[in-house]
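Owing to the predicted nature of the structure, the values given are computational and were not obtained by experimental measurement. Chain naming here is simple, since letters A, B, ... match the order of the sequence lines and numbering starts at 1 in each. The analysis underlying the following values was restricted to heavy atoms, covering all of them including side chains, and did not include hydrogens, waters or symmetry mates.
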Amino acid sequence: MLKIYNTLTRKTEEFQTLEPNLVKMYVCGVTVYNDAHVGHAMSALVFDIIRRYLEYRGYTVKHVMNYTDVDDKIINRAKQLGEDPLKLSQRYIEDYTNDLKSLNILPATSYPQVSKTMPLIIEFIHGLIRKEHAYPASNGDVYFSVTSDDDYGRLSGRKLDDMQAGSRIEVDEAKDHPMDFALWKSAKEGEISWDSPWGKGRPGWHIECSAMNLAELGEQIDIHGGGNDLIFPHHENEIAQSECYTGKEFSRYWVHNGMLQLGGEKMSKSLGNIVSIKEFLSKREADVMRMLVLNGTYRAPLLFNDDTLDAAQKNVERLKSALRPASVSAKGLSPEAVSALAPASESAKSNFTEAMDNDFNTAGAIAALFELSKIINNARDGGATDEQLKFAQGIFRELANVLGLKLEEKQGSSEQETQVNALIAERNEARKQKQWARSDQIRDQLKEMGVTIEDSKDGTTWRYS
RNA sequence: GGCGUCGUGGCCAAGUGGUAAGGCAAGGGUCUGCAAAAUCCUCAUCGCGGGUUCGAAUCUCGCCGACGCCUCCA
């Protein structure tokens, strides 16, 4: 039985879908005006893993991830660059799409954009005004009235009175209540805008997600996800808008990932402590980032530094070792080690599922893989053939795949391979003559080429490292 | 000030009532010409102080500390 922690209730709850076997999941994507960073990657990875696991459990997942392509920051950046805002955001959408692909993140079912949802957004705002949950103000903006929603604040656990006390928001004369937020912002001179019954303008940040949810998944969804920095105000406001509009419960489960920490602080554009996804991938492979996420709890802060990354990289390499073929130089025949394969595979599978069922406990799931890898490696050392290893490795690969780990050995060009083989032949000749200095020298040379070699009685194997 | 999450070995990190998963690092074996990889062994009583209980890392209260949100943010 799958259980999920629900931010709304602050409890881990049994997962039940609105419709049998179908999961409607909406995850807040990014505002596209800059290179995405590894914090965004973390969030995308978390929900990719959740999605993969739900599919593994037999659900069909409708996974919607939006792009905010109309926004103040985009407008400002576009002005700076002298570029059309929508062209700019389109450029970064393509860019981010590539990032996600590089990270082995499965494509979402759909990627709605604000700029393409305008009629529905306007209709949505209209409906809220009609139901007296919103009002056009004197300055041309339209605001949502927080006092018109009795439940306002229930996701973030805030009360309107408390928020006012500590609020740093400038009180806006046009608002009925200081916490009222914009559904529609009137356009400034020369700014990109759309026509509406309230004049030229553009949508506020929160309404887009309510509208796109409605457009893509309907009035009610199963899972709404995003970073926990979105709980307030973004998701709080989304709930308010959607539920006031439809009169129905919006999302059953609210799932939020923790923040990536760099140097003890949240990584964010405004703090400037950013590592872009591209920068990361120029140094490490995608599995390393994923492993970093898997080793932790998706809801907790995740430490991003050389130590945690080095460990993650080692973890990946360790898992890869389980997938290597039978050894040419097994130490001897160990029937016990070989016969341990089948039961170990089964228990790995059930441990894996048990962990993942518990609010996607990926650290536990990974542990199941490590345990299986040990059994597999033992069997290989114990003389198992490829045929004997196949079953366990199949299970291993299947489970790794649920987590989205590729575990690919690096590949080189064929010229490189020829060169490597020639060097190894030369080295083995030297070894035969016990010319150890020459032998070690060649090994160092290969190391510099990124090739690790392993000697055994029956030959030398190598791989890119 | 308000709301929330959390504090487990040198590091990352599971476990959430019955006497502490996994990985990294470290030390010691096997293997190796030496390595590397793999493998085996060793390595914690769970921030502090009360309480509940036959029994708590796990529930409760207090304290200390960290982080996030309360403004744009994955």
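With sequence neighbours excluded, the residues satisfying ring pair (Phe, Tyr, Trp, His ring centres under 6.0 Å) with A/Phe15 are A/Tyr59, A/Tyr253. With sequence neighbours excluded, the residues that form a ring pair (Phe, Tyr, Trp, His ring centres under 6.0 Å) with A/Phe250 are A/His224, A/Trp254. With sequence neighbours excluded, the residues satisfying side chain to side chain contact (heavy atoms under 4.5 Å, CB included) with A/Lys406 are A/Asn104, A/Asp287, A/Glu408.
Considering only side-chain N and O atoms, A/Asn228 lies nowhere under 4.0 angstrom from the phosphate OP1 or OP2 of B/rC69. Listed pair A/Asn361 / B/rG15 meets the phosphate criterion, a side-chain N or O lying under 4.0 Å from OP1 or OP2.
Below 30°, between 30° and 60°, or above 60°: for A/His235 and A/His256 the angle between ring planes is between 30° and 60°, a tilted geometry. The aromatic rings of A/Phe232 and A/Tyr152 sit perpendicular, their planes meeting at an angle over 60°, well past the 30° parallel limit.
For the pair A/Lys447 and A/Tyr298, both in contact range of RNA chain B, the more 5′-proximal nearest nucleotide belongs to A/Tyr298.
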Got a list of protein N/O to nucleotides 41-46 of chain B N/O distances below 3.5 Å?
none

Pairs under 3.5 Å (N/O, protein and nucleotides 18-22 of chain B):
{"residue": "B/rA21", "atom": "O2'", "partner": "A/Glu371", "partner atom": "OE2", "Å": "3.3"}
{"residue": "B/rG22", "atom": "N2", "partner": "A/Asn295", "partner atom": "OD1", "Å": "3.2"}

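Checked against B/rG4, B/rA37, B/rA74, the side chain of A/Arg10 finds its nearest nucleotide in B/rG4.
For B/rC31, its base never sits under 3.5 Å from the side chain of A/Asp381 at any donor and acceptor pair.
The stretch residues 339-356 of chain A participates, sequence neighbours left out, in no side chain to side chain donor-acceptor pair (under 3.5 Å) pair at all.
When heavy atoms are screened at a 4.0 angstrom cut-off, A/Arg438 is found touching no nucleic acid atom at all.
Using Watson-Crick or G-U wobble geometry with both donor-acceptor distances under 3.5 Å, B/rU45 finds no partner in any strand shown.
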